[in-house]
J.: 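Okay, here's the structure, questions in a sec.
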Amino acid sequence: MGTSATKDFSIPQIIQPTKESSQLATFAAGCFWSVELVYQRKDGILQSQVGYTGGSQENPSYKDVCSGSTGHAEAVRLEYDPAVLSYPDMLKIFWNKHNPTQGNRQGNDVGSQYRSAIFYHSEEQKALAEQSKAERQKAYETPITTQIVPAGPFYPAEGYHQRYLENGG
């Protein structure tokens, strides 16, 4: 007899820095599963967590975010060691991961929850993000639509979304 797999709908605690020298970064570049996976594979990433940010609804569910009514983007929150992986290097990964000119979509994923955004955690991150966006724009004829906005409340996605592709999802 087989058992049916059940989804973990529990909401994990939001990740926080575990080291005094570590920093946080938050990026949205389409479906959060693949964004998380590309960063998980990099040395210097201490923790990753997918979730929702940039909108107005508190504690949204995946279903809420997919409705397009919350204003949230699917995003990944990362704790990283800047001595191993610099923020400019993280920005290079971000730009290379997706097409930042597509507006509210990435490939077949359509909706404001799939928009491109950099949620900065410091003025230094903001300046580096703006500089990298201006540099990256030179590679495109159409305008980059990536938002560069302050990191606000981050709501972790349901448990079954965490490390989804790494776990064979």
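This one's a predicted model, so the numbers in the text were calculated from it and none came from an experiment.
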J.: Could you measure the distance from the OG atom of Ser56 to the NE2 atom of His72? Nearest 0.5 Å is fine.
T.: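 Taking OG in Ser56 and NE2 in His72, the distance rounds to 6.0 Å.
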
J.: For the OG atom of Ser122 and the CG atom of Leu128, what is their distance to the nearest 0.5 Å?
T.: 7.5 Å

J.: If hydrophobic clusters are built from ILVMFWY residues whose side chains come within less than 4.5 Å, do Leu37 and Leu46 share one?
T.: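 Hydrophobic grouping puts Leu37 apart from Leu46.
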
J.: Nearest 0.5 Å, please: how far is CG in Asp43 from CG in Asp81?
T.: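 Here the rounded value is 10.5 Å.
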
J.: Would you say Tyr114 and Asn104 make side-chain contact, with heavy atoms under 4.5 Å?
T.: no

J.: Using the rule that Ile, Leu, Val, Met, Phe, Trp and Tyr join whenever any side-chain heavy atoms are under 4.5 Å apart, tell me whether Ile148 and Tyr140 fall into a single cluster.
T.: yes

J.: Please test Phe27 against Phe94 for ring-ring contact (aromatic ring centres under 6.0 Å, His included), starting from the C-alpha separation and ending with a verdict.
T.: CA-CA 7 Å; Phe27 301 106; Phe94 170 80; 5.3 Å; yes

J.: I need the minimum non-hydrogen distance between Pro100 and Trp95, along with the two atoms involved.
T.: CB-CZ3, 3.6 Å

J.: So which heavy atom on Gln47 is nearest to which on Gln16, and how close?
T.: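 So the two residues come closest at NE2-O, 3.1 Å.
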
J.: Taking Tyr62's backbone N and O only, do any of them form a donor-acceptor pair with Gln113's side chain (distance below 3.5 Å, no angle check)?
T.: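 No, the answer is negative, given that no donor and acceptor are paired below the 3.5 Å cut-off.
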
J.: Side chains of Thr145 and Arg115, heavy atoms from C-beta outward: is any pair under 4.5 Å?
T.: no

J.: For the pair Tyr39 and Tyr80, evaluate ring-ring contact (aromatic ring centres under 6.0 Å, His included) and give the outcome as yes or no after the intermediate values.
T.: CA-CA 10 Å; Tyr39 281 104; Tyr80 69 101; 9.2 Å; no

J.: Roughly how far apart are Ile45 CD1 and Glu36 CD, rounded to 0.5 Å?
T.: 10.5 Å

J.: Does atom CD (Glu130) have a neighbourhood of more than 12 heavy atoms from anything else shown, all under 6.0 Å?
T.: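 Yes, because the 6.0 Å sphere around CD of Glu130 holds more than 12 heavy atoms from other groups.
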
J.: Under 3.5 Å, side chain of Gln147 to main-chain N/O of Ser116, donor-acceptor pair present?
T.: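 Not at all, since once roles are kept as given, no pair shorter than 3.5 Å links the two residues.
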
J.: Begin with the C-alpha distance, continue with both residues' side-chain angles, and end with the deciding distance and a verdict on side chain to side chain donor-acceptor pair (under 3.5 Å) for Thr146 and Lys133.
T.: CA-CA 8 Å; Thr146 302; Lys133 181 180 177 181; 5.9 Å; no

J.: How long is the straight-line distance from CD of Glu74 back to CD of Gln106, given to the nearest 0.5 Å?
T.: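 Interatomic distance, Gln106 CD to Glu74 CD, rounded to 0.5 Å: 11.5 Å.
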
J.: Residues sharing Val149's hydrophobic cluster, by side-chain heavy-atom contacts under 4.5 Å among ILVMFWY, directly or via others?
T.: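 So far as hydrophobic clustering goes, Val149 is joined with Phe119.
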
J.: Which pair of heavy atoms, one from Gln125 and one from Leu24, lies closest together, and at what distance?
T.: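 Scanning both residues completely, I find the closest heavy atoms to be NE2-O, 2.8 Å.
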
J.: Indicate the atoms forming the closest heavy-atom contact of Ala157 with Tyr52, along with that distance.
T.: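 Between these two residues, the closest heavy atoms are CB-OH, 3.4 Å.
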
J.: Quick one: closest heavy-atom pair of Ser112 and Gly68, and the distance?
T.: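 Scanning both residues, the minimum pair turns out to be OG-O, 4.3 Å.
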
J.: Take Arg105 and Asn99, measure what side chain to side chain donor-acceptor pair (under 3.5 Å) needs, and give me the verdict at the end.
T.: CA-CA 9 Å; Arg105 70 175 300 146; Asn99 181 340; over 6 Å; no

J.: Step by step, work out the side chain to side chain donor-acceptor pair (under 3.5 Å) result for Glu79 and Thr18.
T.: CA-CA 8 Å; Glu79 179 193 11; Thr18 57; 2.8 Å; yes

J.: For the pair Asp64 and Ser67, evaluate side chain to side chain donor-acceptor pair (under 3.5 Å) and give the outcome as yes or no after the intermediate values.
T.: CA-CA 5 Å; Asp64 294 334; Ser67 76; 5.8 Å; no

J.: Which residue, Thr70, Thr53, Asn59, Val65, forms the side-chain contact (heavy atoms from CB on, under 4.5 Å) with Tyr155?
T.: Asn59

J.: Which atom pair, heavy atoms only, marks the closest approach of Leu78 to Ser48?
T.: CD2-CB, 3.6 Å

J.: Say you draw a straight line from OG1 of Thr26 to CE of Met90; how long is it, rounded to the nearest 0.5 Å?
T.: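 It comes to 9.0 Å.
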
